[in-house]
Q: 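The following block contains the structure, expressed as structure tokens.
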Amino acid sequence: MQVYPSRFGQIEVDPDTIIQFPLGIPGFEDCKNYKLLHEEKPDPKVLWLQSLDDATVLFTLVETERLGLNYALTLSDEECQQIDLTAANDAKLFLILSRPEGQAISANTNAPLVINLQSRKGLQKLDVKADIVFRNA
């Protein structure tokens, strides 16, 4: 276990749970190591991606399915190699949420995070279009 500072205070991190973004996230290229955090309850709706390289960097995430979004992503061979992705089922898509001061919460639907759950490596795929699926609650 290693201890890191975070916006949530000190967090203990098992090195086997660290998610790496080999090229960083656009705008945060120096932050390559992250820990995915969530509330201690079944099926959390919101997650946080805490940088382990810079305690001030924290992203609020939501799984794309929670917002009724379907993506048909095509990753290049280079992108697949970057995150060691060999099977599409190993990839999970997340959206970064933001809340500009005085505005509603919004999701960046054009740039999902793709995380390989097996290799624990990720990337942000830019300029993506999603199909919106409406469903009754």
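Here the structure is a predicted model, which is why all the values come from computation and not from measurement. The basis for the numbers below is simple: all heavy atoms, side chains too, and nothing from hydrogens, waters or symmetry mates.
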Q: Counting C-beta onward and ignoring hydrogens, is there a side-chain heavy-atom pair between K121 and Q20 closer than 4.5 Å?
A: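 Yes, close enough: below the 4.5 Å cut-off.
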
Q: Looking only at atom types and distance, does a side-chain atom of N108 sit under 3.5 Å from a main-chain N or O of I96, one as donor and one as acceptor?
A: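 No: the side chain of N108 does not pair with the backbone of I96.
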
Q: Roughly how far, to the nearest 0.5 Å, is CZ of R66 from OG1 of T64?
A: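 The distance works out to 10.5 Å.
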
Q: Applying a strict under-4.5 Å side-chain criterion to I, L, V, M, F, W and Y, I'd like to know whether L75 and I25 cluster together.
A: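 No, it is not one cluster - the side chains of L75 and I25 are not joined through contacts under 4.5 Å.
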
Q: Restricting to non-hydrogen atoms, name the atom on K125 and the atom on T74 that form the minimum distance, rounded to 0.1 Å.
A: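 For K125 versus T74, the nearest heavy atoms are NZ-O, 3.3 Å.
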
Q: Check whether any side-chain heavy atom of Y34 lies under 4.5 Å from a side-chain heavy atom of V13, and answer yes or no.
A: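 Of all side-chain heavy-atom pairs linking V13 with Y34, none is under 4.5 Å.
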
Q: Mind listing the closest non-hydrogen atom pair of Q124 and L113 along with its distance?
A: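 The answer is CB-CD2, 3.6 Å.
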
Q: If you measure from CG on L93 to CD on E65, what distance do you get to the nearest 0.5 Å?
A: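 Reported to 0.5 Å precision, the distance equals 7.0 Å.
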
Q: What are the two closest non-hydrogen atoms of F8 and Q50, and how far apart are they?
A: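 Between these two residues, the closest heavy atoms are CD1-OE1, 4.5 Å.
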
Q: Using the rule given for side chain to side chain contact (heavy atoms under 4.5 Å, CB included), can you reason through L52 versus Q2, listing the C-alpha separation, both sets of side-chain angles and the distance that settles it, and then say yes or no?
A: CA-CA 10 Å; L52 301 178; Q2 297 177 353; over 6 Å; no

Q: Quick test of your reading of the model: are E12 and K35 salt-bridged, counting only N-O distances below 4.0 Å?
A: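 No, this pair does not count.
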
Q: Could you grab the distance from atom CD1 of I115 to atom CG of L85, nearest 0.5 Å is fine?
A: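 It is 12.0 Å, given to the nearest 0.5 Å.
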
Q: Closest heavy-atom contact between L123 and Q82?
A: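 Scanning both residues completely, I find the closest heavy atoms to be CB-NE2, 3.7 Å.
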
Q: Would you say L47 ends up clustered with Y4 if hydrophobic residues are merged whenever their side chains have heavy atoms under 4.5 Å apart, either directly or through other cluster members?
A: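 No, no single cluster joins them.
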
Q: For the atom pair CG (L58) and CG (L49), what is the distance rounded to the nearest 0.5 Å?
A: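 Those atoms lie 8.0 Å apart.
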
Q: Rounded to the nearest 0.5 Å, how far does CD1 of I83 lie from OG1 of T86?
A: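 Answer rounded to 0.5 Å: 10.0 Å.
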
Q: So do the side chains of Y71 and V114 get within less than 4.5 Å of each other, counting heavy atoms only?
A: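 A side-chain contact under 4.5 Å is absent here.
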
Q: Nearest heavy-atom pair of T56 and R7: which atoms, and what distance?
A: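 So the two residues come closest at O-NH2, 2.5 Å.
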
Q: Identify which one of I105, V62, L61, T60 satisfies the side-chain contact (heavy atoms from CB on, under 4.5 Å) criterion when paired with V46.
A: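 Single side-chain contact (heavy atoms from CB on, under 4.5 Å) partner of V46 among I105, V62, L61, T60: T60.
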
Q: Does CD belonging to Q10 count more than 12 external heavy atoms closer than 6.0 Å?
A: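 Yes - once you tally the heavy atoms of other residues, nucleotides and ligands closer than 6.0 Å, there are more than 12.
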
Q: How far does CZ of R120 sit from CG of L36, to the nearest 0.5 angstrom?
A: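 Answer for the CZ-CG pair, R120 versus L36, is 7.5 Å.
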
Q: Grouping I, L, V, M, F, W and Y whenever their side-chain heavy atoms are under 4.5 Å apart, do F28 and I19 come out in a common cluster?
A: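 Yes; tracing contacts between hydrophobic side chains, which count when under 4.5 Å, links both residues.
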
Q: Under the ring-ring contact (aromatic ring centres under 6.0 Å, His included) rule, what do F59 and F94 come out as? Steps first, then yes or no, please.
A: CA-CA 11 Å; F59 299 102; F94 298 90; over 10 Å; no

Q: How about D14: does its CG atom have over 12 heavy atoms from other parts shown lying under 6.0 Å from it?
A: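 Enclosed: over 12 neighbouring heavy atoms sit under 6.0 Å from CG of D14.
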
Q: Any non-hydrogen side-chain atom of T109 less than 4.5 Å from a side-chain atom of L67?
A: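 T109 vs L67: side chains apart.
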
Q: Can you name the closest pair of heavy atoms from D30 and D53 and give their distance?
A: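 Of all heavy-atom pairs spanning D30 and D53, the closest is O-OD2, 3.9 Å.
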
